[in-house]
Asks: 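Here it is, the structure, as structure tokens.
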Amino acid sequence: MSEPALHVKPSLVPDLNRVPPVDEVGVIERTTRFCKRSIKKDSKIEALKLALSMIDLTTLEGQDTPGKVRQLCQKAIHLHDTLDDLPHVAAVCVYPTMVGVAKNALTGHDINVASVATAFPSGMAPRAVKLEDTRMAVGDGADEIDMVISRGAFLQGEYGLVFEEIAAIKEACGDAHLKVILETGELGTLDRVRRASVLAMHAGADFIKTSTGKIQPAATMPVTLVMLQAIRDYYYETDRRVGMKPAGGISKAKQAIQYLVMLHETLGNDWMTPDLFRFGASSLANDVLMQLQKQKTGAYQSADYFSKD
Amino acid sequence: MSPKAASKRVPVAKTYKIYIGGKFPRTESGRYYTVTDKSGDVMANICQGSRKDFREAVVAARAAVPGWSSTSAYLRGQILYRIGEMLEGRRAQFIAELTSQGVASAAAEAEVSATIDRLIYYAGWADKYQQVFSSVNPVSSSHFNFSVLEATGVVAILAPEQSGLLGLISNIAPAIVGGNTCVVLGSESLPLCAISFAEVLESSDVPAGVVNILTGFKEELREHFASHMDVNAIVYCDDEQNSGAEIQQASAINIKRVISRVDRRWDDAENDNPYLISDTQETKTTWHPIGR
């Protein structure tokens with residue numbers, strides 16, 4: 001199979017040497033501040049509901065079966081029926097082979113199907129395979145594609161290659177939204193996170209996403225802040241709003257609220273929507289539900305009374 | 001200033017902190033209350049634990065349930081025995097704490113001895129209560145039918161107000177020997193031994209989270225002990241201002257086991273009793289088909 005033609009001009013590849021360096025100490029200092037805001041009572045309930053509406057309910061296990069995926073979709077539709085006025089989650093995130101199953105299970109509901117693609121999680125496959133992977137997921141009905149970048153190429157400094165690849169996948173996505181996973185746990189420094197963010201956004205990413213969830217550390221607040229700052233500066237430069245998705249390691253409602261505080265104080269109200277911010281998580285939803293139930297009844301909750309998925 | 005006065009040593013007072021998940025944090029609320037000795041001098045500042053400390057303690061206790069309840073009975077017995085050993089080595093400290101809180105010295109010595117003996121007593125039951133309480137049940141079908149005990153899970157304990165050490169251990173020991181984990185609120189007026197006992201636990205091979213000890217006001221925390229959905233049983237030992245009824249009512253929300261141990265004399269031998277173990281156990285009955 002021949003390499004598909006690319007519609008990328010080399011001049012579009014951003015000059016990463018012009019990307020401002022990241023002050024790591026300052027970033028960590030700033031993120032600890034976000035954890036000290038007091039969000040209580042009504043504002044807490046609103047924040048929890050917002051967080052819930054931003055969740056990409058995720059199952060990405062080798063042991064996934066159609067049954068498991070249908071169950072997850074049921075969970076997405078019926079989060080906790082004894083609680084009133086609950087928003088639904090933004091999307092269900094699955095492997096490409098499960099897209100059809102998820103699409104069927106979610107028929108008639110306003111919940112997107114997101115599919116990982118491009119040889120997730122390593123991304124170690126020829127480009128033709130990655131493109132085909134993407135087209136098949138979109139063909140099966142995926143509304144959103146979560147791709148991984150080629151970290152090896154990025155770390156070698158082959159920025160043009162990574163840029164081209166993202167652009168090619170974006171084209172293969174058609175109308176589906178493209179989230180670009182940087183896998184920050186493998187990038188090593190915040191400077192590289194910032195550079196990869198800039199690269200991905202210029203190549204056409206609709207969202208940039210921290211991690212696959214398969215590598216530790218996954219999403220952390222410093223990494224997310226650096227990416228949010230990159231999104232802000234890209235917006236000032238191009239007037240285009242790119243979304244953000246921290247994924248992996250956010251399992252507590254309290255953490256979710258801290259991320260929302262960070263989002264609000266970095267990008268402002270415009271980004272406080274599932275259209276521009278997502279949490280990639282599997283167990284976060286239940287913790288948020290338990291907190292909402294606690295706010296309603298006053299009693300601390302037990303995982304025994306919430307469906308697993 | 002005379003050389004003697006200049007060299008007078010400033011005693012190093014202990015900070016009494018709470019015990020959650022094998023660690024000694026301060027209360028997240030930052031609140032303290034002061035306990036004084038007979039002459040009104042400050043003995044210690046004690047953490048006034050909050051409901052959030054309690055919530056954290058339950059999380060730690062819940063996480064410890066699978067490991068502790070599947071620990072072999074034999075090992076649980078050894079670990080309880082080990083607590084007794086460690087306590088024995090710190091007799092003097094506990095006697096001094098009890099006397100500083102107003103217990104006569106002979107009585108204090110007797111209380112520490114009784115506490116150690118009670119730990120040894122329950123350590124002995126670890127691999128025996130199952131035989132006593134289990135049964136093979138006659139049924140009129142071709143089934144082999146038997147009942148065994150299983151730990152109920154997380155036990156919340158409101159320790160007795162008037163017995164700072166013996167009463168505390170008399171409630172912790174039977175709960176943990178049966179494979180439960182617990183969150184304990186120590187006596188409000190006699191809290192010193194509860195925290196010192198946590199230090200004993202920390203050096204006794206008891207896994208983190210199996211016993212969590214808070215200090216604070218019963219009045220404030222009682223309701224949360226009783227209503228927490230992730231607590232499987234609650235033990236209370238005092239019934240001031242009809243609090244027993246309140247506890248029972250709030251416990252109904254997830255049908256916790258409610259165990260009342262009000263008005264007991266903790267130095268009485270009635271507390272050496274395997275029924276204190278079975279109080280926090282669930283009976284599992286199995287119907288096993290057999291051929292004729």
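Just so we're on the same page: letters track the sequence lines, and every chain starts at 1.
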Asks: Taking everything shown except B:F217 itself, do over 12 heavy atoms lie less than 6.0 Å from its CZ?
Replies: yes
Asks: Mind listing the donor-acceptor pairs under 3.5 Å that bridge chain B and chain A?
Replies:
from: B:R51; atom 1: NH1; to: A:Y300; atom 2: OH; distance (Å): 3.2
from: B:M229; atom 1: N; to: A:Y300; atom 2: O; distance (Å): 2.7
from: B:D230; atom 1: OD1; to: A:S302; atom 2: OG; distance (Å): 2.6

Asks: Which pairs, with at least one residue in residues 176-185 of chain B and sequence neighbours excluded, count as a salt bridge (charged side-chain N to carboxylate O under 4.0 Å, His left out)?
Replies: none
Asks: Excluding sequence neighbours, so at least two apart, what forms side chain to side chain contact (heavy atoms under 4.5 Å, CB included) with B:E161?
Replies: B:S187, B:E188, B:S189, B:K218, B:D238
Asks: For B:D205, enumerate each residue passing the salt bridge (charged side-chain N to carboxylate O under 4.0 Å, His left out) test, keeping only those at least two apart in sequence or located in another chain.
Replies: B:R82
